[in-house]
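Chain A is the first sequence line, chain B the second, and so forth, proteins listed ahead of strands; every chain is numbered from 1.
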Number of protein chains: 2
Amino acid sequence: MSENKQPTIYDVSERAGVSLATVSRVVNNNGKVKEETKRKVLKAIKELNYRPNAMAKGLASSKTTMVGMMVPDLTDLYFAELAQGIDAVAKIYDYSVSLSVSDNNPTAGKEAFETLMSQHVDGIVYIGNKTSQEMFDLLKSSPVPVVFAGSVAQDGKLPSVNIDYVQAFQQAGDILKQHLSDTQIALVDNPGESGLSALRQQGFLKAVSKGKIYESEDDYRSGYNLAHHLLEDGIKGVIVGEDEPAIGILNYMLDNHVKVPADFQIISSNDTKLVKMTRPAISSVTQPEFDIGAVSMRLLTKLMSGDPVDDPTVILPHEFVLKDTTL
Amino acid sequence: MSENKQPTIYDVSERAGVSLATVSRVVNNNGKVKEETKRKVLKAIKELNYRPNAMAKGLASSKTTMVGMMVPDLTDLYFAELAQGIDAVAKIYDYSVSLSVSDNNPTAGKEAFETLMSQHVDGIVYIGNKTSQEMFDLLKSSPVPVVFAGSVAQDGKLPSVNIDYVQAFQQAGDILKQHLSDTQIALVDNPGESGLSALRQQGFLKAVSKGKIYESEDDYRSGYNLAHHLLEDGIKGVIVGEDEPAIGILNYMLDNHVKVPADFQIISSNDTKLVKMTRPAISSVTQPEFDIGAVSMRLLTKLMSGDPVDDPTVILPHEFVLKDTTL
DNA sequence: TTGTAAGCGTTATCAT
DNA sequence: ATGATAACGCTTACAA
């Protein structure tokens, strides 16, 4: 931990024998600079190991090249995979990312947002389920662009990146209907989830008009605890909105000697790496989480630089992988 | 996205009829300010919805109240859980966190570090396996404090937070030795992992002096692919350094009708939520990931404010949960 | 207790 | 093509 303070642009200009302005020009690669001067400056920069001070730059230019990433829970693999995509593209465009775990807590969310505002981030990628109306209003009031990654704003017209949940859940319903009747099929979802659960429900009901709908949280335990109700109600196949509760349901069945998929079928939909790790492996909607994150961040870069954007709500393709929890 | 620019400290001082300095004093709660003046200022702040500009503040005070968090991969649940702990404590101490996914790539790691330096973070929490010597040197040269969370520096004496891996792996070895002989027991680990794998190995060999050691990556597939070698070599029980390869091994056994735990035992050691989700559930070292992250961040706050720190290398307690992959 | 004013390290506008 | 110099919004001696 050496203590010599960082060299400034002033040191560079002195060493290179040019003015501050010129150094700034070569650092930011704008304005005309003679090749030779440029070389001198670059040399001085290298020798001093000069790094521009991001704060000073931000203050002077009112651009921070920093984006905020709001995420409810990093230990939810779906979110983690989105985050990786976001981070990867942020790196490409030289944005740093300020992380804020909002914990699905409205207060924490509000504070996180405030922090991002005082940091003067140039934009925000918002990942969220259970987004409160208050939070939406806050986000809508943002002076910088906001993109919803893997979630939609309630009014459905803020920039966002998702798969076509209506279609996906209709297809999932159709798959279960091949062997089951409507009343034997259920949807298990977390209704708190932004506008997404409404879309899922809509798709589900398109295929399974008399299908029943159960609520669960996003975690393993909720699924496990819900499972016996499903059995009591004569449900023989479920579509689950999140992977962890899907695994909870699966394990309950296994622990209670219910044969999967013979007597109980499961389709999950977040397609995290979890679904490959269970036995039987879980049949699932396949979605490009990484890409959803990546495209969200790319969209944000466009928004931030005022580039034209054809459609701010982008839909990415999904597929199905039918493994061993469906017939 | 309204466009009225943010109010500054100047607007507040004007509205409250006091000087900049006074506003600054009440905002930072230092220096003496008369109760009445304070009230006036607070009122103005509220009315204008004033938020201090973090960059200006950072520039002027050369403190950013921002820490860097370097992590190789967010989709590794062990890291994600550490990150949650770090974030939680950062919030408590009002630090924002600048995220950098280093991807186990030395170049990316170096760039991430550079970015944090130009952001002038006040400190860094480093999470990493496979840390290159170059990266260590870089971290050691940091002008701000660095804490290793869930990993140790090669020379073992930089600030870090971990469990006692030597003891844990010795205990794990002892557990398997209850039903198996030395030559039937193996350690599966990723030797690239900072200094940790050396410690694990050391503990393992203490209990199982003639035990064999296999290398694997940190992912599911590596474990799955390694499994048949274990069988061919007559191994009947393994201790695995990471959960995902442990599950890979487990699933290979299941897929090939090897009875677990009767004919093959497994103990894993990262204790992510994954180990509860398999069937049979995996026996595992139990470690307080969240706390490791939390304590790391807390340690960093002390280091950053120059508080005395008794021992910079802290060891947190671990336990064992023997579920269904051990006899 | 409160105010004045000099930085902090850049960018950006004018000149030259 | 290059250089001065005034911002940017805040903190912090130093004065008052």
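Among the heavy atoms of the strands, none lies under 4.0 Å from B:Ser62. In this structure, A:Val27 reaches neither bases nor backbone, as no heavy-atom distance under 4.0 Å exists between it and the strands shown. Residue contacts shown for B:Lys57 are limited to sugar-phosphate atoms, with no base heavy atom under 4.0 Å away. Heavy atoms of A:Lys34 sit under 4.0 angstrom from primed sugar atoms or phosphate atoms, though from no base atom. At the heavy-atom level, B:Val18 lies under 4.0 Å from the strands shown only through sugar-phosphate atoms.
Within the 4.0 Å cut-off from OP1 or OP2 of C:dT11, at least one side-chain nitrogen or oxygen of A:Ser24 is found. Considering only side-chain N and O atoms, B:Asn28 lies under 4.0 angstrom from the phosphate OP1 or OP2 of D:dT11. OP1 or OP2 of C:dG3 lies within a sub-4.0 Å distance of a side-chain N or O belonging to B:Ser19. For A:Tyr10, no side-chain nitrogen or oxygen approaches OP1 or OP2 of C:dG7 to under 4.0 Å. Within the 4.0 Å cut-off from OP1 or OP2 of C:dT2, at least one side-chain nitrogen or oxygen of B:Thr37 is found.
In this structure, A:Phe136 has its ring center closer than 6.0 angstrom to the ring center of A:Phe148.
Listed here is the closest heavy atom pair of B:Gly128 and B:Ser151: O-CB, 3.2 Å. Minimum heavy-atom separation, A:Val101 to A:Pro72: CG1-O, 3.5 Å. Of all the heavy atoms in B:Gln84 and A:Leu74, the pair that sits closest is OE1-N, 2.7 Å. In terms of heavy-atom proximity, B:Gln119 sits nearest to B:Thr64 at O-CG2, 3.7 Å. Contact record, B:Met297 with B:Ile86: CG-O, 3.6 Å, taken as the closest heavy-atom pair.
Distance, A:Leu59 CG to D:dA6 C1': 14 Å, rounded to whole Å. The CZ-P distance, from A:Arg51 to C:dT10, rounds to 12 Å in whole Å. Atom CG of A:Asn30 is separated from atom C1' of C:dA12 by 10 Å (rounded to the nearest Å). Between the NZ atom of B:Lys38 and the P atom of C:dT2 there is a distance of 11 Å, rounded to whole Å. Here C:dG9 presents its P atom at 10 Å from CD of A:Gln6, a figure rounded to the nearest Å. Atom-to-atom, CE of B:Met55 to C1' of D:dC10 comes out at 11 Å; the value is rounded to the nearest Å. Here C:dG9 presents its P atom at 9 Å from CG of A:Asp11, a figure rounded to the nearest Å. Distance B:Asn29 CG to D:dT12 P: 14 Å, rounded to the nearest Å.
Between B:Val33 and B:Ser61, the residue anchored closer to the 5' end of DNA chain C is B:Val33, taking for each the nucleotide with the nearest heavy atom. A residue-by-residue look at A:Leu20 and B:Ile9 shows that A:Leu20 has its nearest nucleotide of DNA chain D further toward the 5' end.
Candidate nucleotides C:dG3, D:dG3, D:dC10 were compared by shortest atom distance to the side chain of A:Thr22, and D:dG3 ranks first.
The base of D:dG3 is paired with the side chain of A:Arg25 by a donor and an acceptor separated by under 3.5 Å.
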